[in-house]
Amino acid sequence: MIDVVLPCLNEAEALPWVLSRMPAGFRPIVVDNASTDGSAQVARDHGAEVVAAPQRGFGAACHAGLLAATAEVVCVMDADASLDPGELPRLVTELEAGSRSEAGARSDAGVGPKLVLGRRCPAGRGAWPPHARLGNAVLARSLNRRAGTRLRDLGPMRAARRADLLALDLRDRRFGYPLEMVLRAAEEGWRVVELDVPYLPRRGRSKVTGTVGGTVRAVRDMRRVLVEVAS
């Protein structure tokens with residue numbers, strides 16, 4: 001079983017599609033970040049485990065989901081229907097590649113933890129507004145300079161081993177959480193890999209990429225993390 005952490009703030013419109021697309025063997029954990037539109041009940045009605053994260057913040061929701069997860073491998077993805085859960089098995093397959101021996105233990109050929117990111121490829125009109133794409137590109141370049149990575153996206157669909165993620169001891173509880181994960185993983189010598197995944201027009205009201213203000217707040221949080229972690 002693979003646990004899938006789905007940070008959620010008012011995603012009642014998107015959740016039915018997302019949860020109906022969850023592959024067999026993947027257990028959705030919807031982390032309700034103080035939604036006011038009934039998202040938690042919608043998630044329960046569609047068979048998901050629901051975890052409450054009353055402290056507002058993307059990182060707070062992700063951390064609560066990670067603590068609630070019990071599987072060895074954990075995926076994280078947005079709950080707004082911009083990403084298809086059907087892509088998750090590809091990320092997990094890449095995560096496992098070269099890291100297991102025939103006996104099921106870690107192999108010498110796959111030494112060290114690994115983080116697999118879904119690199120977003122827009123698939124539909126308005127899926128990735130220009131201001132959001134620009135902000136992501138600027139942050140990716142800053143990350144690459146500081147961490148020596150060669151990433152083109154700070155993809156919100158991810159796969160890694162739960163124990164490895166907890167060992168990173170991530171501290172940010174806002175929008176800087178995804179960047180802190182990649183930055184600390186790179187500093188610890190993890191292999192960070194990107195796979196292309198379709199990026200679809202989200203359902204419902206966007207809180208980040210769909211608005212200039214939301215994008216500015218996310219970029220500000222991530223720049224703060226770059227300074228704090230690098231210092």
Side-chain angles (χ1 to χ4, degrees), residues 1-12 14-35 39-44 46-96 113-118 120 153-182 184-185 190 192 195 197 199 202 207-208 218 221:
M1 182 65 68
I2 309 296
D3 282 339
V4 183
V5 175
L6 295 152
C8 173
L9 174 58
N10 295 330
E11 302 293 1
L15 281 170
W17 184 86
V18 172
L19 296 174
S20 70
R21 298 281 299 171
M22 198 64 58
F26 287 72
R27 180 175 71 120
I29 301 175
V30 174
V31 186
D32 182 32
N33 202 201
S35 297
S39 290
Q41 190 57 52
V42 170
R44 293 189 188 96
H46 287 79
E49 177 179 345
V50 176
V51 173
Q55 177 188 349
R56 280 285 180 92
F58 183 80
C62 289
H63 186 65
L66 187 60
L67 292 179
T70 57
E72 178 186 356
V73 172
V74 174
C75 298
V76 180
M77 62 172 286
D78 290 345
D80 60 7
S82 62
L83 295 164
D84 185 353
E87 299 292 328
L88 291 172
R90 293 178 53 233
L91 272 68
V92 173
T93 297
E94 176 59 35
L95 178 69
E96 298 288 350
K114 188 175 185 180
L115 174 63
V116 182
L117 308 178
R120 290 170 287 184
D153 185 20
L154 301 175
M157 177 181 276
R158 302 173 173 209
R161 287 186 172 79
R162 178 176 181 270
D164 293 337
L165 288 175
L166 288 172
L168 289 179
D169 192 26
L170 303 180
R171 300 300 180 90
D172 191 82
R173 296 294 180 260
R174 295 165 58 92
F175 290 125
Y177 184 92
L179 186 143
E180 185 187 7
M181 181 188 294
V182 179
R184 291 196 182 276
W190 290 30
V192 183
L195 294 180
V197 297
Y199 193 48
R202 64 152 291 144
K207 293 166 283 293
V208 182
D221 284 351

> Looking only at heavy atoms, what is the nearest atom pair of V197 and M157, with distance?
Replying inline: CG1-SD, 4.2 Å
> Under a 4.5 Å cut-off applied to non-hydrogen side-chain atoms, are C62 and V76 in contact?
Replying inline: yes
>> Could you report the tightest heavy-atom contact between Q55 and A60, atom names first, then the distance?
In response: O-CB, 3.4 Å
>> Using side-chain contact (heavy atoms from CB on, under 4.5 Å), reason through F58 and D78 one step at a time and then give a plain yes or no.
In response: CA-CA 10 Å; F58 183 80; D78 290 345; 3.8 Å; yes
> Rounded to the nearest 0.5 Å, how far apart are CZ of F175 and CG of L154?
Replying inline: 14.0 Å
> Taking C-beta and beyond as the side chain, do R27 and T70 meet within less than 4.5 Å on heavy atoms?
Replying inline: yes
> Does the R90 side chain pair with the main chain of L195, one donor and one acceptor, at a distance under 3.5 Å?
Replying inline: no
> So how far is it from L83 CG to L6 CG, rounded to the nearest 0.5 Å?
Replying inline: 10.0 Å
> What is the minimum heavy-atom distance between G65 and V31, and which atoms define it?
Replying inline: CA-CG2, 3.5 Å
> Could you give the distance from CG (D84) to CH2 (W17), rounded to the nearest 0.5 Å?
Replying inline: 4.0 Å
> Step by step, would you call V30 with S39 a side-chain contact (heavy atoms from CB on, under 4.5 Å)?
Replying inline: CA-CA 9 Å; V30 174; S39 290; 5.9 Å; no
> Taking all atoms of both residues into account, what is the closest heavy-atom pair of A34 and R56, and its distance?
Replying inline: O-NH2, 3.0 Å
> Are the side chains of E11 and R202 in touch, meaning some heavy atoms are under 4.5 Å apart?
Replying inline: yes
> Can you name the nearest heavy-atom pair linking A43 to V50, along with the distance?
Replying inline: CB-CG2, 3.7 Å
> Of all heavy-atom pairs between P89 and P85, which one has the smallest distance, and what is that distance?
Replying inline: CD-O, 3.8 Å
> Quick one: are R120 and P156 in side-chain contact, heavy atoms under 4.5 Å?
Replying inline: yes
>> Would you say that N33 contacts P7 through its side chain, given a criterion of any heavy-atom pair below 4.5 Å between the two side chains?
In response: no
>> Any heavy-atom pair between the side chains of R161 and L95 that's under 4.5 Å?
In response: yes
> Should the pair R171-E180 be classified as a salt bridge under the 4.0 Å nitrogen-to-oxygen rule?
Replying inline: no
> At what distance, to the nearest 0.5 angstrom, does CG of L88 lie from CE of M22?
Replying inline: 6.5 Å
>> Among R158, H63, M181, which residue satisfies the side-chain contact (heavy atoms from CB on, under 4.5 Å) criterion with L165?
In response: M181
> Are any of the side-chain heavy atoms of D153 and L117 separated by less than 4.5 Å?
Replying inline: no
>> Assess the residue pair S35 and L9 against the criterion (side-chain contact (heavy atoms from CB on, under 4.5 Å)); give the C-alpha distance rounded to whole Å, side-chain angles, the decisive distance to 0.1 Å, and a yes or no.
In response: CA-CA 5 Å; S35 297; L9 174 58; 4.3 Å; yes
> What distance do Y177 atom OH and L66 atom CG have between them, rounded to the nearest 0.5 Å?
Replying inline: 5.0 Å
> Considering residues at least two apart in sequence or located in another chain, which fulfil the salt bridge (charged side-chain N to carboxylate O under 4.0 Å, His left out) criterion with D32?
Replying inline: none
> Passes side-chain contact (heavy atoms from CB on, under 4.5 Å), C8 versus L15? Steps please.
Replying inline: CA-CA 9 Å; C8 173; L15 281 170; 4.0 Å; yes
> Nearest 0.5 Å, what's the CD-CD distance between E72 and E96?
Replying inline: 6.5 Å
